[in-house]
Amino acid sequence: MSTTQIELHETTNIRTEGPYRAISVAQELSTTAPNSIPEQDDAVPEGGYGWVVVSACAVIAWWFVGITYSWGIIQARLVSEGVSEASTLSLVGSLTVACIAVLAIVNARIVTSIGARKLGFLGISLLGLGEILGGFATHNVGGLFATVGVLMGIGTSMCFMTVSVLPPQYFRRKRGLANGIVFAAGGLGGAAISLFSDRLLDKVGPAWTLRITGLMTLATGLPAAWLIQERAPVKRTTFVDWTLFKSLRFVLLFASGIIATFPLFVPPFFLPLYCQSLGLKSSTGAIAVAVFNFSSALGRIVFGLLCDYLGPLNMLVVILFAAGMSMLVLWPLSNSLAPLIAFTIWNGVSSGAFFAIMPTVVGSVFGAQKMPIIMGMVVTGWTGGYMMGGPIAGYMLQAYGGAENGTMAFRPAMYYAGSMSIGAAILVAIMRLRMDRRVLRKL
């Protein structure tokens, strides 16, 4: 094929849609430019009202991320009250998060039909309502599955889609920073919610802790949703673009996400129980979860910013490998409070960064115009990890004697979670090197 033919082949695979210049999957599959990343979104304002939108998304993320990451505090209290075992109650929290993946494709279609503002309103409303109703089901596991698991889960999934598709509309060069700020607010929310939930549990019990949190969610989340404004409506598209599975880049990213999500919620769900196995107070477990969430917020901002300077794919490899090593090396050595806090910070930073980096990777590699459908497909692949990642660790813990059997009972869960993160890092590294073997290049 001549040089002219190659240029013509690339040109015919590029089309302009609105203010965006998207590159089709056909070009992405082409061998003519295997190392290129789309140059799109030249018309984005890089700020302006975008900072208001980022702030509104940050408030929404504060609640839906913070509540899911602090479930371990309520879970530990319900376990101590004999409501159910940790493996069962962790499944409730996992179901909440799994709805993000299960409903991702559906929500991607909904957001193109009704817009991000209305989807945000629906999400926050269902999230708060699920918490309030969950307060009436704290002694009924089935009721917890229906309210905290399903109703809150649907709201959480809508909130996630809302905050994922908006920053790319206003930012390109600062996209990593914008996503980092949004999801960092979720980490800060998790830290704050963990601490005040622990205090509320002591004063009013699990039922009113859920109700009060639900009311606060509605009081602040609904005004934030009202501030949301799309710069350009996302183009309506199909539920699934099956041609993407012809792209090795997409397949590797899709597979790495599947694996990476299995260990993500193991530490925050089980830190309170691990603290109990060390003989520490329940308040120490709440502090550990708060430290995890604060570190998560730090990781999302720092690595979101680093994405803009060093490349999102490079950073995704780094944080997945770091998360895996923290669970394989540092967590097993955490037999006292000091190393446990070190592990909590390390894992919190690396795990939290995953949520800020993944939307940036999708937007950078495939373009903002395709963001909803591709993000929906990628997140749908996280269903298994979200749903079973925590419960698998819970079943392993239970099989080895439970938290009452000491810290050694947690070892199988640690090694399982750490190995999954390393496996995901290897897949992303393969994708990265296939795009460009120059390790130091920004990708």
Side-chain angles (χ1 to χ4, degrees), residues 62-99 123-157 159 189-221 265 268-276 281-290 293 386-387 390-391 393-395 397-398 402-404:
W62 170 286
W63 290 112
F64 86 84
V65 176
I67 289 168
T68 54
Y69 266 88
S70 59
W71 170 250
I73 303 299
I74 295 177
Q75 172 184 295
R77 179 58 61 93
L78 295 176
V79 169
S80 66
E81 293 183 358
V83 175
S84 188
E85 296 176 342
S87 57
T88 302
L89 290 172
S90 66
L91 190 58
V92 174
S94 295
L95 179 58
T96 307
V97 185
C99 286
I124 280 292
S125 298
L126 292 176
L127 180 64
L129 182 62
E131 292 172 278
I132 293 169
L133 294 178
F136 296 96
T138 52
H139 293 285
N140 185 307
V141 175
L144 287 173
F145 271 104
T147 56
V148 176
V150 176
L151 195 57
M152 278 180 56
I154 295 172
T156 297
S157 70
C159 290
I193 294 168
S194 297
L195 293 175
F196 79 65
S197 290
D198 184 63
R199 296 293 298 273
L200 284 174
L201 285 169
D202 290 335
K203 292 181 178 296
V204 298
W208 273 105
T209 297
L210 285 169
R211 293 169 194 157
I212 292 171
T213 306
L215 291 171
M216 293 174 66
T217 300
L218 295 174
T220 57
F265 289 91
F269 279 12
F270 290 92
L271 273 173
L273 290 174
Y274 191 80
C275 288
Q276 291 180 17
K281 298 178 180 179
S282 61
S283 59
T284 305
I287 292 172
V289 175
N293 283 298
Y386 276 168
M387 189 69 187
Y395 292 133
L397 174 62
Q398 187 177 336
E404 299 80 9

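Because the structure is a prediction, the values reported are computed rather than measured. Throughout, numbering of the chain's residues begins at 1 and tracks the sequence.
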Trainee: Where is the tightest heavy-atom contact between Phe269 and Ser90, given as atom of each residue plus distance?
Mentor: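 Minimum heavy-atom contact is CE2-O, 3.8 Å.
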Trainee: Measure the spacing between CH2 of Trp62 and SG of Cys159 and express it to the nearest 0.5 Å.
Mentor: 15.5 Å
Trainee: Would you say Gln75 and Leu273 make side-chain contact, with heavy atoms under 4.5 Å?
Mentor: yes
Trainee: With heavy-atom distances below 4.5 Å as the criterion, would you say the side chains of Ile73 and Pro272 are in contact?
Mentor: yes
Trainee: Search all heavy atoms of Gly135 against all heavy atoms of Ala207 and return the closest pair with its distance.
Mentor: O-CB, 3.0 Å
Trainee: Rounded to the nearest 0.5 Å, what's the gap from OG1 on Thr96 to CD on Glu131? Could you check?
Mentor: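 Atom-to-atom, Thr96:OG1 and Glu131:CD are 9.5 Å apart.
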Trainee: Just to verify, what does Thr68 make a side chain to side chain donor-acceptor pair (under 3.5 Å) with, not counting sequence neighbours?
Mentor: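 Residues passing side chain to side chain donor-acceptor pair (under 3.5 Å) with Thr68: none at all.
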Trainee: For residues Gly66 and Ser70, report the shortest heavy-atom separation together with the two atoms involved.
Mentor: O-OG, 2.8 Å
Trainee: Using 0.5 Å steps for rounding, measure from the SG atom of Cys99 to the CE atom of Met387.
Mentor: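 One finds 8.0 Å between SG of Cys99 and CE of Met387.
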Trainee: Tell me which donor-acceptor pairs under 3.5 Å the side chains of residues 136-154 have, and how far apart each pair is, sequence neighbours excluded?
Mentor:
unit_1, atom_1, unit_2, atom_2, d
Asn140, OD1, Gly142, N, 3.0
Asn140, OD1, Gly143, N, 2.8
Thr147, OG1, Gly143, O, 2.8

Trainee: Just one of Ile74, Leu210, Ile193 clears the side-chain contact (heavy atoms from CB on, under 4.5 Å) bar with Ile67, so which one?
Mentor: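 For Ile67, the side-chain contact (heavy atoms from CB on, under 4.5 Å) check succeeds only for Ile193.
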Trainee: With heavy-atom distances below 4.5 Å as the criterion, would you say the side chains of Arg77 and Asp202 are in contact?
Mentor: yes
Trainee: For the atom pair OG1 (Thr220) and CH2 (Trp63), what is the distance rounded to the nearest 0.5 Å?
Mentor: 5.0 Å
Trainee: Would you please classify the geometry between the Tyr386 ring and the Phe265 ring as parallel, tilted or perpendicular, with 30° and 60° separating the classes?
Mentor: perpendicular
Trainee: What's the separation between atom CG in Leu127 and atom CD1 in Ile132, rounded to the nearest 0.5 Å?
Mentor: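 Interatomic distance, Leu127 CG to Ile132 CD1, rounded to 0.5 Å: 10.0 Å.
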Trainee: Minimum heavy-atom separation for Cys275 to Ala288, with atom names?
Mentor: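 Shortest heavy-atom separation between Cys275 and Ala288 comes out as SG-CB, 4.1 Å.
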Trainee: Begin from the C-alpha positions of Thr213 and Met216 and carry the test side chain to side chain contact (heavy atoms under 4.5 Å, CB included) through to its verdict.
Mentor: CA-CA 5 Å; Thr213 306; Met216 293 174 66; 5.7 Å; no
Trainee: Just verifying a value: how many Å separate Asp198 CG and Thr209 OG1, rounded to the nearest 0.5 Å?
Mentor: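 Separation between the atoms: 9.0 Å.
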